[in-house]
Each structure stands twice: as C-alpha cells, then as structure tokens.
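Just so it is clear, the structure is predicted and the values come from calculations on it, not from any experiment. Worth knowing before you read on, the calculation uses all heavy atoms, side chains too, and leaves out hydrogens, waters and symmetry mates.
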Amino acid sequence: NINLTLGNTFSHQSFDSRFYQVLDDGTQSSSPTAVNDVSYRYNDVFAAFHYKVLTGKFTFNPGFSIHYYDMHNVQPTVDFNNSFARVLPDFYALWQIKKSETLTYNFAISNNFTDVNNLVNGILFNNYRSLSVGNPFLGSTTVQTHSFRYFKFNMFNQENIFGNLACSKTVDSIKSDASFSGINQICCVSFIAKSQPAPDSTAALMSEPLQHQRLPLRATREPHQAWL
C-alpha cells in the first residue's frame, strides 16, 4: 500500500506597535527603536511518501516528507529572507498482540517555526518594568519525537488497560537572554542557538540606561493578524 501526499501551508502575520513619552509641553517623544511594523510570511510546500506493509501480527508504515520552506520577514530596518529544503522521516509500527490488545510505536522529525512576536526588531513594552527585543533572524527548530502506546480491552471482565510513553528532543530551540540593571529587567532577547545573531541595535539597547523612560507613558499596540 503506497500513499502519496502533496500539500502547501501558507501563513502571513503582521505586527504593529509603538510607545512614546508625552513631554510637559504636550509633544510626543519617541525613538525609532520603539516602533514596530512587521510583515512576516511563511510558506511550506511539501510532498510525502509512505509505504504500508502487513506481515503477521505486525504493521509497518515507514515514510518521509520533502519540504521546501520560504520565510520572509520585512521590517523598517530589516528585510530578511530564508529559504531551504529538508527531508523529514517518520515511522509507524503496530503489534496486534490480540484482537483487543495492541502496542504502537511512532517516530517523527518535524520543523517548528516561531511566532511574529519573537521576530520584532524594535522594543516591546511587556509591563511597566520590563522591555524586550526579538531577533528578526530566527530560523526553525527541529523536534524529534518517539512515542509508545499500549492498549488492552476485555469486555468479559470489563478490563481496560492503556498506557503512553513519549519523549522528544529539540535542536536549536528558542532561548531568552535577560539583562538586569539593579532589580530592573532591561531587555529580553529571543534567539536560536545556531541562528544568526541579533543586529547591533539589540546589543546597544541592552546596555542603554533606561532613566529617560519615565512615566507618564502611553502605549498603543495592535494585535497581530494571521491567515492560514
């Protein structure tokens, strides 16, 4: 039994935010690093192949998928595009111990991508004492999962036994780097271990004192939009 699958996943997200300070004369004071206008596009074209084999009490279904990813991140100071192809294998096995007793094994490797919130190059106002900056050059994380499932059912004595065991390993996961000035958190930068580094403006922001960011502050933020 051969199974072929063709598909496409497209996502577009936009993010707009800014914050500014109102001076005594009523004018607004802002910085270019405090304004975010992000347009993020993600496209995944893939083809999958699976081959199912039945032999005795065992069922095997190995396969793989070929993906072509295209990501485009446009901001006022950044225009970053990343395209690459990757082969992702997967495997399914079923042991039919009895008619109502089975043991199942699943293995898969997948690529995960971050949300637009972690890609913004400008400052984000998380709360009154915490600012954060994203990394517009973030890539993808690779997740490897293994899972076992045991199931047994006996209608005669109302016996129902089942169990699951799963483990996963993530490569190049997103992490956060926080900088503190006294008790205040200055900046939190999201990054992936082997991705490109954040721009120089991020590093400068982490060392920039925040004494000029005093209340009253007014902030506006529009929620990002996504289409799938």
Got a second to check how far [X]'s [atom1] is from [Y]'s [atom2], nearest 0.5 Å?
| X | Y | atom1 | atom2 | result |
| --- | --- | --- | --- | --- |
| Asn8 | Asp44 | CG | CG | 7.0 Å |
| Leu138 | Thr114 | CG | OG1 | 6.0 Å |
| Ser140 | Asn112 | OG | CG | 8.5 Å |
| Thr142 | Leu88 | OG1 | CG | 7.5 Å |

* Asked: More than 12 heavy atoms of other residues, nucleotides or ligands under 6.0 Å from OH of Tyr51: is that the case?
  -> no
Is [Y] reachable from [X] through a run of hydrophobic residues whose side-chain heavy atoms are each under 4.5 Å from the next?
| X | Y | result |
| --- | --- | --- |
| Phe64 | Leu4 | yes |
| Phe84 | Phe46 | no |
| Val87 | Phe49 | yes |
| Ile2 | Val53 | yes |

Check: [X]/[Y] side-chain N/O donor and acceptor closer than 3.5 Å:
| X | Y | value |
| --- | --- | --- |
| His50 | Asn1 | no |
| His72 | Asp79 | yes |
| Asp115 | Gln13 | yes |
| His67 | Ser65 | yes |

Any side-chain heavy-atom pair of [X] and [Y] under 4.5 Å:
| X | Y | result |
| --- | --- | --- |
| Pro136 | Phe80 | no |
| Asn111 | Arg86 | yes |
| Thr102 | Trp95 | no |
| Arg41 | Asp70 | yes |
| Phe153 | Ile161 | no |

Give every donor-acceptor pair under 3.5 Å between a side-chain atom in residues 54-61 and any protein atom, sequence neighbours left out.
from, atom 1, to, atom 2, distance (Å)
Lys57, NZ, Ile97, O, 3.3

* After noting the C-alpha distance and the side-chain angles of Ser110 and Gln144, does the key distance pass the side chain to side chain contact (heavy atoms under 4.5 Å, CB included) rule? -> CA-CA 7 Å; Ser110 61; Gln144 182 180 132; over 6 Å; no
* Go through the steps to decide whether Ser14 and Asp16 satisfy the test side-chain hydrogen bond (donor to acceptor under 3.5 Å, both in side chains), and finish with yes or no. => CA-CA 7 Å; Ser14 60; Asp16 300 295; 4.8 Å; no
Minimum heavy-atom separation for [X] and [Y], please, with both atom names.
| X | Y | result |
| --- | --- | --- |
| Asn81 | Met71 | OD1-O, 3.0 Å |
| Met155 | Gln158 | O-NE2, 3.1 Å |
| Leu124 | Asn117 | CD1-O, 3.9 Å |
| Val45 | Asn43 | CG2-ND2, 3.8 Å |
| Gly139 | Phe113 | O-CD2, 4.3 Å |
| Val133 | Asn121 | CG1-O, 3.7 Å |

* Thr77 backbone acceptor or donor facing Gln75 side chain under 3.5 Å -> no
* Asked: Got a sec, which residues hit side chain to side chain donor-acceptor pair (under 3.5 Å) with Tyr150, two or more places apart in sequence or on another chain?
  -> Glu101
* Describe, in one word, how the ring planes of Tyr42 and Tyr69 are oriented to each other, choosing from parallel (under 30°), tilted (30 to 60°) and perpendicular (over 60°). => parallel
* Take Val171 and Thr141, measure what side chain to side chain contact (heavy atoms under 4.5 Å, CB included) needs, and give me the verdict at the end. => CA-CA 6 Å; Val171 180; Thr141 63; over 6 Å; no
* Candidate pair Val120 and Phe15, rule side chain to side chain contact (heavy atoms under 4.5 Å, CB included), full reasoning -> CA-CA 8 Å; Val120 295; Phe15 186 97; 3.6 Å; yes
* Asked: Would Tyr92 and Tyr105 count as a ring pair (Phe, Tyr, Trp, His ring centres under 6.0 Å) if you check the C-alpha gap in whole Å, the side-chain angles of each, and the deciding distance to 0.1 Å?
  -> CA-CA 6 Å; Tyr92 170 85; Tyr105 168 71; 9.1 Å; no
* Run the side chain to side chain contact (heavy atoms under 4.5 Å, CB included) check on Asn73 and Val38 step by step: do they pass? -> CA-CA 7 Å; Asn73 175 18; Val38 186; 3.5 Å; yes
